[in-house]
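Notes for the one structure printed next.
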Amino acid sequence: MAAAVRRAAARGLRIRPVGTGHSWSPLAVTGDVQLDCRALTGVVTVAGDRVRVRAGATLESLYAELAEHGRTLAVIPDAGGLTVAGAIGTGTHSSGAATGSLSAQVTGARMVDGTGSVRWVEGPDLDAVRTGLGALGVLTEVELRTVPMRLLQVHEDSGDPTELLADGGMLDAHAWTEVVLHLPSREALARWGDPVEPGLERESGRRDLVRAAAAGSAEALGRVVSRLTPTLRRTARWGGSVTGPAYRVLIDRRPVRGEAAEWALPRERLGPALRELGAAAAARRIELRSPVLVRVGPAETGWLHPAWGRATAWVALRGLRGADPGPLFALAGAVLTDAGGRPHWAGRHEWTLAEVALAYPRLADFQAARDRFDPDRRFACDHLDALLGP
Ligand SMILES: Cc1cc2nc3c(=O)[nH]c(=O)nc-3n(C[C@H](O)[C@H](O)[C@H](O)COP(=O)(O)OP(=O)(O)OC[C@H]3O[C@@H](n4cnc5c(N)ncnc54)[C@H](O)[C@@H]3O)c2cc1C
């Protein structure tokens, strides 16, 4: 990687590191050099409550290897194919009031900077690397905090959205939670999970399938609202609960469909913001067929993490296949920005430096780190220029 950076520098080319390219925003797009990091695979060491892993390893391969050591990561996003570095680069999160993002688990990182030098980053600079957007250098190895592996028992049920979304309510009360909400009908599905000791789980015979079953309900919610009830009945057949290692239960292995946008709101503004979004869409006759996915997380320390400095409710919107999500995403961006929201860097959004500067009080610290790590802006691209300036 260091040689590749030096070669590009010698030719005056700009570089974008890329993982699996799962981001919908053009963060890794460049007409110059794209450095594919997916060959940097494998766990280097597992010791105590730390793992060192090469930056291009997929999350799923990391969870599988950690499981052999009786360990895991506290955070389980809903996709396993992402690379460790790509997920850290955009602040990838899971859901749970106390569960920090993948970026929050980083305790050290090896990085090739813009001059082609290899650095081990720790201490305060880590708050730049957490959610570094690939703007500081190429991560080659990352040290992450691990936790003991436990079984997670996940339940699903329908509920009243006002109660489900209330600050301090169900979303904040379990190790893992999410709510799928169809805004026009206000029909909602709640999912929540807590660790259980081996032997105490309720055997469902359908391990690993909560995602498939639950996602099925979300799709039905999006396609035909009247199918919600039969779908719930169908999910009730597996008892409404599934138990297994969290990474096997929570990761959604279905192929990616449609584009997505996600917004990080101050936790207490969730309910009013969603009501406003529903009303604004109805007023403009924008169809909200796809349900929104609501998740929560604690305040983050990463200077550019969308949950920086505040407990957060995440609202994800998905475009339906074959439909242009542009008008819906633009409306959601306007309403949720007004509600204090910040966009997930990997989702579709229209933010530029003007909004970033207002929303991120530690932007100057990030820029100072960028000046030290990448003084010549070797890792810039058009999208980063728009977001962070030259
Ligand atoms: C199906 C699906 C499910 C998802 N689920 C979630 C979820 O549950 N929670 C959530 O928060 N997000 C989720 N996302 C978004 C996802 O986490 C981000 O898009 C993530 O960045 C993708 O990782 P990647 O390896 O594809 O990174 P890429 O899209 O390839 O890159 C992302 C950023 O990281 C940088 N980068 C990549 N490799 C390196 C490196 N080696 N060194 C330095 N920088 C690097 C890139 O330059 C870019 O800025 C999901 C996306 C998809 C498609």
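Order of appearance sets the numbers: ligands from 1, and atoms from 1 within every ligand. Start at 1 with the first residue, then count along the sequence.
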**Request:** Taking only heavy atoms of P77 into account, list the atoms of ligand 1 that are under 4.0 Å away from them.
**Result:** 7 (C), 8 (O)
**Asked** Measuring from the heavy atoms of W24, does anything fall under 4.0 Å of ligand 1?
**Response** yes
**Asked** Does a donor on one side chain and an acceptor on the other come within less than 3.5 Å for D32 and T30?
**Response** no
**Prompt:** When you look for heavy atoms under 4.0 Å from ligand 1, do you find them on the side chain of T90, its backbone, both, or neither?
**Reply:** side chain
**Message:** Side chains of W308 and T131 only: does a donor on one sit below 3.5 Å from an acceptor on the other?
**Reply:** no
**Asked** N/O to N/O below 3.5 Å, does that happen between P17 and ligand 1?
**Response** yes
**Prompt:** Going by the order shown, which atoms of ligand 1 are within less than 4.0 Å of some heavy atom of V18?
**Reply:** 30 (O), 37 (C), 38 (N)
**Request:** Identify the two heavy atoms, one from H383 and one from S25, that lie closest to each other, and give their separation to 0.1 Å.
**Result:** NE2-CB, 3.9 Å
**Message:** Please check whether G86 reaches ligand 1 - meaning an N/O of the residue sits under 3.5 Å from an N/O of the ligand, judged on distance alone.
**Reply:** yes
**Item:** Heteroatom proximity flag, R295 to ligand 1, N/O under 3.5 Å
**Value:** yes
**Message:** Any atom of ligand 1 sitting under 4.0 Å from a heavy atom of R38?
**Reply:** no
**Prompt:** With a cut-off of 4.0 Å, which atoms of ligand 1 are near a heavy atom of L133?
**Reply:** 49 (O)
**Request:** Tell me which one of A85, G132, A346, G137 gets a heavy atom nearest to atom 43 (C) of ligand 1.
**Result:** G137
**Request:** Please name the pair of heavy atoms, one in G319 and one in P325, separated by the smallest distance, quoted to 0.1 Å.
**Result:** CA-CB, 3.8 Å
**Request:** List every atom of ligand 1 that sits less than 4.0 Å from any heavy atom of G19, numbering the atoms from 1 in the order shown and giving each element.
**Result:** 25 (O), 28 (P), 30 (O), 37 (C), 38 (N)
**Asked** If we only count N/O pairs under 3.5 Å, is C37 in contact with ligand 1?
**Response** no
**Request:** Examine L304 and W314 and state if one hydrophobic cluster contains both, with Ile, Leu, Val, Met, Phe, Trp and Tyr joined whenever side-chain heavy atoms are less than 4.5 Å apart.
**Result:** no
**Request:** Taking atom types as modelled, find out whether T177 and H174 have a side-chain donor-acceptor pair closer than 3.5 angstrom.
**Result:** no
**Request:** Please check if any side-chain donor atom of T107 sits under 3.5 Å from a side-chain acceptor atom of E122, or the reverse.
**Result:** no
**Message:** I'd like to know if the side chain of R54 and the backbone of L40 have a donor-acceptor N/O pair within less than 3.5 Å.
**Reply:** no
**Asked** Backbone, side chain, both or neither: what part of H344 comes under 4.0 angstrom of ligand 1, heavy atoms only?
**Response** side chain
**Fill in**
Only residue of H22, H93, H349 satisfying ring pair (Phe, Tyr, Trp, His ring centres under 6.0 Å) with H344 is H93
**Prompt:** For L139 and ligand 1, does the shortest N/O to N/O distance drop below 3.5 Å?
**Reply:** yes
**Message:** Within ligand 1, which atoms have a heavy atom of A87 less than 4.0 Å away?
**Reply:** 23 (O)
**Prompt:** Which atoms of ligand 1 sit under 4.0 Å from any heavy atom of R16?
**Reply:** 47 (O), 49 (O)
**Request:** Would you mind finding which of L250, V138, T92 brings a heavy atom closest to atom 13 (C) of ligand 1?
**Result:** T92
**Interatomic distance, Y247 atom OH to L66 atom CG [nearest 0.5 angstrom]** = 9.5 Å
**Asked** Given V142, T131, L27, which has its nearest heavy atom closest to atom 48 (C) of ligand 1?
**Response** L27
**Asked** Do any nitrogen or oxygen atoms of A55 come within less than 3.5 Å of a nitrogen or oxygen of ligand 1?
**Response** no
**Message:** Testing Y360, W24, W263 one by one against W345 for a ring pair (Phe, Tyr, Trp, His ring centres under 6.0 Å), which residue passes?
**Reply:** Y360
**Message:** Distance alone, cut at 3.5 Å: any donor-acceptor contact between the side chains of S95 and E178?
**Reply:** no
